[in-house]
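Scroll down for the structure; my scribbles are underneath it.
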Amino acid sequence: MKRIFFGMGVFAVLSLSTTASADLIVVQDFDGGGPEWAFTLDPVAGTFGSSSDVFEPVSSLPSTSVGSGNFLGARDIENGDNPNGDFATASFATVDVSDLTDVEISFDYDVVGYDTGDSVEYEVFIDGVGSGSTALVTGGVGGISGSGTETIDIDDSAETISIVLTITQNGASDYAGFDNFEVNGIPEPASLALVTLGGLAMLDRGRRQA
């Protein structure tokens with residue numbers, strides 16, 4: 001009887017991709033948290049002379065609840081103190097996202113009682129080029145309200161991003177608050193190629209028994 005034994009070499013390669021969570025790149029929460037996302041207001045904070053006219057970081061605003069701590073408040077934007085007439089803007093500085101993937105811009109908002117002609121819009125700039133205005137809340141008869149978190153996905157090809165928020169509003173009975181402007185993203189994905197086992201083919205011919 002002939003008995004033959006075969007030993008087989010094994011070669012395995014595992015490619016492991018890390019599952020990473022998004023990092024906070026910059027934030028503006030109007031409480032001094034960091035890494036701080038710089039911003040500018042137009043008109044600048046303190047422009048409005050009346051205490052009922054607001055466009056600046058505040059700790060509270062009637063009927064408005066957004067985020068925690070301070071937030072960007074807006075009330076009665078159209079008035080004689082506003083050099084822009086009926087609108088105001090908050091512009092957030094350019095952020096380098098060239099080494100990131102899955103980038104998102106997000107912010108919280110609470111808009112109360114916006115009438116016809118009132119609106120909140122934003123425009124994202126990618127590599128210095130505007131992507132067009134997006135309406136967040138558009139006012140209407142009887143007053144339109146809305147709240148939540150706005151999240152904007154950014155294409156991985158983007159090198160830099162920024163955002164401009166524009167509020168158009170008239171009347172002291174309408175309110176808006178904005179908070180927690182953030183950029184989040186994942187550092188360039190890392191992969192690990194791991195050779196777990198290498199073997200050499202083995203052959204045992206056995207032996208012949210009579």
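Computed over heavy atoms, backbone and side chain alike; hydrogens, waters and symmetry mates excluded. Keep in mind that this is a model prediction, so the values were computed, not measured.
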Rounded distance [0.5 Å steps], CD1 in I105 versus CD1 in I152: 5.0 Å

Please walk me through it: do L24 and E182 pass side-chain contact (heavy atoms from CB on, under 4.5 Å)? CA-CA 7 Å; L24 176 63; E182 296 183 359; 3.9 Å; yes

So F30 and F181, would you call those rings parallel, tilted or perpendicular, with 30° and 60° as cut-offs? perpendicular

Locate the shortest heavy-atom distance separating E123 from G132; write the atom from each residue and the value. OE2-N, 3.0 Å

Can you tell me how far the CD1 atom of I161 sits from the CD1 atom of I126, to the nearest 0.5 Å? 7.5 Å

Side chains of E104 and I154, heavy atoms from C-beta outward: is any pair under 4.5 Å? no

Validation row: D179, L72 side chains within 4.5 angstrom (heavy atoms): no

Applying side-chain hydrogen bond (donor to acceptor under 3.5 Å, both in side chains) as the test, list every pair that has at least one member in residues 106-116; sequence neighbours left out. D108-T149, D108-N180

For residues D156 and V103, report the shortest heavy-atom separation together with the two atoms involved. OD1-N, 4.5 Å

Looking at every heavy atom in both V54 and S51, which two are closest together, and how far apart are they? CG2-O, 4.0 Å

Looking only at non-hydrogen atoms, find the nearest pair between L165 and V120 and report the distance. CD1-CG1, 3.9 Å

Indicate yes or no for a side-chain donor-acceptor contact from T89 to the backbone of S91 under 3.5 Å, with no hydrogens or angles considered. no

Look up atom CD1 in I167 and atom CG in L136, then write down how far apart they are to the nearest 0.5 Å. 10.0 Å

Donor-acceptor pairs are to be reported for all side-chain atoms of residues 56-63 against protein atoms at under 3.5 Å, with residues two or more places apart or in another chain.
residue	atom	partner	partner atom	Å
E56	OE1	G46	N	3.0

Which atom pair, heavy atoms only, marks the closest approach of Q169 to D118? CA-OD1, 3.3 Å

Is it possible for you to say whether V95 and V27 belong to one hydrophobic cluster, with membership spreading through side-chain heavy-atom contacts below 4.5 Å? no

Going only through I, L, V, M, F, W and Y residues with side-chain contacts under 4.5 Å, is there a path from I163 to V137? yes

At what distance, to the nearest 0.5 angstrom, does CG of D23 lie from CD1 of I186? 8.0 Å

What pair of heavy atoms forms the shortest contact from F87 to P43, and how long is it? O-CD, 4.3 Å

Looking at S131 and V124, would you say the former's side chain and the latter's main chain have a donor-acceptor pair under 3.5 Å? yes

Interatomic distance, CD1@I25 vs CG@L100, rounded to 0.5 Å, equals 4.5 Å

Side-chain donor-acceptor contacts of residues 31-42 below 3.5 Å, not counting sequence neighbours, with atom names and distances?
residue	atom	partner	partner atom	Å
D31	OD1	N70	N	2.8
D31	OD1	N70	ND2	3.3
E36	OE2	Q28	NE2	3.2
W37	NE1	A93	O	2.7
D42	OD1	N84	ND2	3.4

Quick one, F178 and F71 - any side-chain contact, counting heavy atoms below 4.5 Å? no

Hey, does F48 have a side-chain heavy atom less than 4.5 Å from the side chain of N82? yes

Quick check: do T160 and V97 have side-chain heavy atoms less than 4.5 Å from each other? no

Can you measure from OG (S162) to CZ (F92) and round to the nearest 0.5 angstrom? 11.0 Å

